[in-house]
Protein chains: 2
Amino acid sequence: MDPGAILAANGMSITRNRVNILNTMKLATVPLSGKEICQRLREGCDKSTVYRTLNTLYNKEVLQRVIIDHEVKYALRSGDRPGNGHDRDHLHFKCSSCGKLFCLTETEVGDYQLPEGFIKEENQFLVIGKCNKCR
Amino acid sequence: MDPGAILAANGMSITRNRVNILNTMKLATVPLSGKEICQRLREGCDKSTVYRTLNTLYNKEVLQRVIIDHEVKYALRSGDRPGNGHDRDHLHFKCSSCGKLFCLTETEVGDYQLPEGFIKEENQFLVIGKCNKCR
DNA sequence: TAATATTTGCAAATGAGTTGCAAAAATACG
DNA sequence: CGTATTTTTGCAACTCATTTGCAAATATTA
Ligand SMILES: [Zn+2]
Ligand SMILES: [Zn+2]
Ligand SMILES: [Zn+2]
Ligand SMILES: [Zn+2]
């Protein structure tokens, strides 16, 4: 789905900033922070606009929030390319040497049983370690 | 191990603030943020001292850092009571209604296989959902 | 105890994220 | 199309957790 269609489908005005932000998200292979999105937007955009847009898209369930270490990041819920969508609660890996982030979409984490009466809504699973370049 | 011994074993001066902070950690059943620790210290202690102490103890591997949502929290690596130690990569649960945090030390999460060449150092596994009081 | 080294409190700085508000842009409508 | 109405934007100022410089206070050493 192209940015214009996503915005229209969610009753949001189609603006240049929003289209640029969505295009940036579509190109990303890992979740991005507000700051990282600001940096990637060639055509300048105020950070308040970026954060407001991310919040709105998150509330409309277009974006997923992913917490990496203690940074808040965002990813499209449905991506066009593998590793681009974040529909499933997949595992993330952050390298403690180079800081690079990886979406481990192929890695299966076994299921677990919560205590009686607890209901899972979302997994926030992050593995910290050394990536294949840094080990 | 008592606070004095922990400090001595790590070549740190034994001060009233540090002893108070370690005692607070020993009493905690869940990881605490710098702010929460400040609030629990009856005998006032400047926040800069609290954060400096937490960092030092983390670097000495006395404390473990646990990220809950996007808050940085700390817990003793080895506790005296069940649920008090954080040696194992146990699962944490945060209730999306009441905000309460739980250490699910009994809950086993299945193992997983990282891609070739990746080495795990630490799991940061958090489940968001409804606790048994709020569901 | 005096000398030296470490820790502390304070106040000021940082940095991500948020907010109020008036100007600018988008949408609705005749 | 224009024009009226609604929404979005940039800016500057703010918040809030955490960090920092520094001189004074405290702990360790000898
Ligand atoms: Zn690496
Ligand atoms: Zn991912
Ligand atoms: Zn609850
Ligand atoms: Zn725990």
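All heavy atoms count here, side chains included; hydrogens, waters and symmetry mates do not. On a predicted model such as this, the values are computed, not experimentally measured, just so you know.
Note on Asn17(A): every side-chain N or O is 4.0 Å or more away from OP1 and OP2 of dA25(C). Contact annotation: Thr15(B) side-chain N/O to dT8(C) OP1/OP2 distance is under 4.0 Å. Within the structure, every side-chain polar atom (N or O) of Tyr51(B) is placed at least 4.0 Å from both OP1 and OP2 of dT19(D).
For Ile67(B) and dT18(D), the CD1 to C1' distance is 13 Å, given to the nearest whole Å. The distance from atom CG of Leu54(A) to atom P of dG17(C) is 9 Å, rounded to the nearest whole Å. One atom, CG of Asn55(A), and another, P of dA16(C), lie 16 Å apart when rounded to the nearest Å. Rounding to whole angstrom units, CG of residue Asp69(B) and P of dA17(D) are separated by 15 Å. We find that CZ of Arg18(B) is positioned 6 Å from C1' of dT7(C), with the value rounded to whole Å. The separation between Glu71(A) atom CD and dT18(D) atom P is 14 Å, rounded to whole Å. When the C1' atom of dG17(C) is taken as reference, atom NZ of Lys73(A) falls 15 Å away, rounded to whole Å. Rounded to a whole Å, the CG atom of Asn20(B) is 10 Å from the P atom of dG9(C).
Map Ile14(B) and Met12(A) each onto its nearest nucleotide of DNA chain D; the residue landing nearer the 5' end is Met12(A).
Near DNA chain D, meaning a heavy atom under 4.0 Å away, the residues from residues 35-49 of chain A are Cys45(A), Asp46(A), Ser48(A), Thr49(A).
Ring planes of Phe102(B) and Phe118(A): perpendicular class, angle over 60° (limits at 30 and 60°).
With a 6.0 Å radius and a threshold of 12 heavy atoms from other residues, nucleotides or ligands, Lys120(A) has its NZ atom above the threshold. Applying the 6.0 Å contact sphere to CD of Glu121(B) captures more than 12 heavy atoms from other residues, nucleotides or ligands.
No continuous path of hydrophobic side-chain contacts links Tyr51(A) to Leu32(A) [ILVMFWY only; heavy atoms under 4.5 Å]. By the criterion of side-chain heavy atoms lying less than 4.5 angstrom apart, applied directly or through intervening Ile, Leu, Val, Met, Phe, Trp or Tyr residues, Leu114(A) is not grouped with Leu101(B); the two fall into different hydrophobic clusters.
Each end of the helix from dT1(C)-dA30(D) to dG30(C)-dC1(D) yields a helix axis from five base pairs, and these two axes differ in direction by 30° (to the nearest 10 degrees).
Ionic pairing of Arg65(B) and Glu122(B) is not present here: no N-O contact between side-chain nitrogen and carboxylate oxygen is shorter than 4.0 angstrom. Comment: Lys35(B) does not engage Glu71(B) in a salt bridge, judged by the lack of any side-chain N to carboxylate O separation of less than 4.0 angstrom.
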(message) Working note: Val50(A) + Leu41(A), criterion side chain to side chain contact (heavy atoms under 4.5 Å, CB included); need CA distance, chi angles, decisive distance, verdict.
(response) CA-CA 10 Å; Val50(A) 170; Leu41(A) 289 169; 3.8 Å; yes
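The base of dG9(C) sits within donor-acceptor range of the side chain of Arg52(B), with an N or O pair under 3.5 Å.
Asp46(B) places a side-chain N or O within 3.5 Å of a backbone atom of Ser48(B) that can act as its donor or acceptor partner.
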